[in-house]
Every structure is written in C-alpha cells, then in structure tokens.
Amino acid sequence: MEFNFCINDVLPHRLNCIDGSMLPDSFESDDRQMIAECQQKVAIILDKIGVSSGIAQGLQTPVTSSDRLRNSDHKVYLLTNPDGDGGDGTVVGLLKIGHKKLYVFDAAGKHHELTPICVLDFYVHESMQRAGCGRMLYEHMLQAENINPEYLALDRPSEKLLGFLKKHYDLVHIIPQNNNFVVYDRFFSTNPDLL
Ligand code: ACO
C-alpha cells in the first residue's frame, strides 16, 4: 500500500507499534511540529489500511481508524516493506489488539469474567497474502506482548484467520461462546492464571 509521503521516514522499522499517542514506538523527538506531523501521517496510514481491512472482511465500518485508536489503550502493529514504492516504503499489513472485558465460557460451561488481550483486526495487503507476512506480524506481537497465542481472544475471526491459527499455532478446538469472540480450549486448560 503506497502513500504520497515517504513511509520509511514515519515507520523506520519493518515492524512498528502505534498506541493511543498516535506515534510509532521508535519516535523520539520532543519537537512539537515534528510530533504533530508524524501523528498526522500515522492517522493517514491507519485510516487507509483500516478501510482496506474492512473491505477485505466485508465490514460496513472499519475496525481500525485514527479516530478509534487515538487516546485508546489499544495498539496497532504495522508491517512495512522498506524497499517498496521506489525506496519510499509501503505498508503491508496491520494487527490491532487490545484488552476487552468479556464473559467467557470454559469447556465445562462455567462463566468467567475476564479481560483478555483480544485480536481486533488483522489484515495483510492482497498482493502479499500467503507469503508469511501475517506470521511475521503475529509473532512480533506475541513477543512484544509476551503472550502465548492460545491466551488471545479473537473478535469475529474470519475463515482465513481461523486457518492461519490452525496452520501456525495448531489452534483447532473452539469453545462455543454467546458473543462474537472465539477462544480455544487451551485458553483455559493451559493458562496458569485461570487454574
Ligand atoms: N484462504 C484460506 N486460508 C488463508 C488464506 C486464504 N485466502 N490466506 C491466508 N490463509 C491462512 C492459511 O492457513 C495460510 O496457509 P496456506 O497458504 O499454507 O494455506 C496461512 O494463513 C498463511 O499464513 P501467512 O502467509 O503468514 O498469512 P497472511 O500473510 O496471508 O495473513 C491474514 C493472514 C491476515 C488472515 C490475511 O489472509 C488477510 O489479510 N486476510 C483478509 C482479512 C482477514 O480475513 N483478516 C482476519 C479478520 S478477523 C480479525 O481480525 C479478528
């Protein structure tokens, strides 16, 4: 995904994390103008890739947008291709996560009130799918959040995401819930905090 400014200036690493401050984790300047300019470009990036993700999932409203991220406690991980667009860089994918308060059934049908980290949005540009980019983003997020894949809840996962988790993390057995979230059996059975 291309932009009319240099992506590598805004997102200097292949893997970047944006939080509610709307600045990448690598951003260091105290200069007000530089902060404002960077936030503005981050907003443009999030809005554009958020729309593409929404379209890819057939959603009416994008899950990821600058308005929804600003001042929230959610995070968006962004993968770039620094060599794309003649060396200006392109944005390849996004992974949005955040804590949500949920009522979750375990395998025995017992109700738990929990606030797990949830996968809220996940998208790799159509031209780059099935080439390991999603895995790169997901692995980076797992490391950064210091969490195992089975302890994440998924908000309305698509068939592609379910296939992705089966292939890369051997996640197969879903515990039925009465909301739009999906958790796997290992969410409870191997989670020391819930035993
Ligand atoms: N059909 C079925 N499974 C797929 C497809 C597809 N078109 N694309 C990816 N997968 C799954 C498969 O298991 C695939 O392995 P395979 O090629 O051996 O069958 C595996 O993902 C590939 O892994 P990666 O290359 O690391 O993943 P990729 O870069 O394709 O990213 C992603 C995965 C983000 C799900 C991507 O396919 C995508 O953007 N899909 C469209 C948007 C979407 O459905 N996002 C998830 C929404 S749900 C949510 O965010 C909570």
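Every number for a ligand or one of its atoms is a count from 1 in the order of the listing. Just so you know, these numbers come straight off a predicted model, no measurement behind them.
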### Query
With I7, which of N16, N81, L78, I45 fulfils side-chain contact (heavy atoms from CB on, under 4.5 Å)?
I45
## Note on the structure
Heavy-atom proximity to atom 23 (O) of ligand 1, picking from E159, H168, K167, points to H168
### Query
Which one of Q129, M128, E139 has a non-hydrogen atom at the shortest distance from atom 37 (O) of ligand 1?
Q129
### Query
Any idea which heavy atoms bring S21 and D19 closest together, and the distance?
OG-OD1, 2.6 Å
### Task
Distance to 0.1 Å, residue and atom name: give those for the protein heavy atom nearest to atom 39 (O) of ligand 1.
V124 N, 2.8 Å
### CA sep, side-chain torsions, deciding dist, call: V76, I49, side chain to side chain contact (heavy atoms under 4.5 Å, CB included)
CA-CA 11 Å; V76 176; I49 196 165; over 6 Å; no
## Note on the structure
the protein heavy atom lying closest to atom 44 (O) of ligand 1 turns out to be S158 OG, 2.6 Å
### Task
Working to the nearest 0.5 Å, report the span between CE of M136 and CG of L79.
6.0 Å
### Task
Applying side-chain contact (heavy atoms from CB on, under 4.5 Å) between Y77 and each of L15, L94, I97, report the one that passes.
I97
### Contact partition for L154 relative to ligand 1, non-hydrogen atoms under 4.0 Å
neither
### Query
Relative to atom 7 (N) of ligand 1, which among M136, K160, K166, K96 owns the nearest non-hydrogen atom?
K160
### Numbered atoms and elements of ligand 1 in range of V119, under 4.0 angstrom, heavy atoms
51 (C)
### F164 ring center near Y138 ring center (under 6.0 Å)
yes
### Message
Which residue and atom name correspond to the protein heavy atom nearest atom 29 (O) of ligand 1, and how close is it?
### Response
G134 N, 2.8 Å
### Task
Would you mind checking which non-hydrogen protein atom is closest to atom 3 (N) of ligand 1, with the distance to 0.1 Å?
R130 NH2, 3.4 Å
#### Entry: side chain to side chain donor-acceptor pair (under 3.5 Å) contacts in which one or both residues fall within residues 170-182, not counting sequence neighbours
none
## Note on the structure
For Y123, the ligand 1 atoms with a heavy-atom partner under 4.0 Å come out as 39 (O)
### Message
Nearest non-hydrogen contact with atom 49 (C) of ligand 1 belongs to which option: L161, L152, L94?
### Response
L161
### Query
T90 and D85: side-chain donor and acceptor closer than 3.5 Å?
no
### Atom indices of ligand 1, in the order listed, that fall short of 4.0 Å to a heavy atom of D121
50 (O)
### Message
According to side chain to side chain donor-acceptor pair (under 3.5 Å), does anything in residues 26-36 pair up with another residue at least two apart or in another chain? List the pairs.
### Response
Q33-E37
### Task
Examine Y103 together with H112 and report whether their ring centres are nearer than 6.0 Å.
no
### Query
Counting from 1, what ligand 1 atoms have a heavy atom of A131 closer than 4.0 Å?
25 (O)
### Message
Just to be sure I read this right, does ligand 1 sit under 4.0 Å from the backbone of R156, its side chain, both, or neither, counting only heavy atoms?
### Response
backbone
### Query
Taking non-hydrogen atoms only, is S53 closer than 4.0 angstrom to ligand 1 via side chain, backbone, both or neither?
neither
### Query
Looking at atom 25 (O) of ligand 1, what's its closest protein heavy atom, distance included?
G132 N, 2.8 Å
## Note on the structure
For atom 26 (O) of ligand 1, the closest protein heavy atom turns out to be R135 N, 2.8 Å
### Message
Checking a contact table here: which protein heavy atom is nearest atom 32 (C) of ligand 1, and how many Å away?
### Response
F122 CE2, 4.3 Å
### Query
Could you state the interatomic distance from NZ (K167) to NZ (K160), rounded to the nearest 0.5 Å?
14.5 Å
### Task
Mark yes or no: K48 above the aromatic ring of F3, with NZ or CZ under 6.0 Å from the six-membered ring centre and no more than 45 degrees from the axis.
yes
### Query
Please state which protein non-hydrogen atom is closest to atom 47 (C) of ligand 1 and give its distance, to 0.1 Å?
Q57 OE1, 3.2 Å
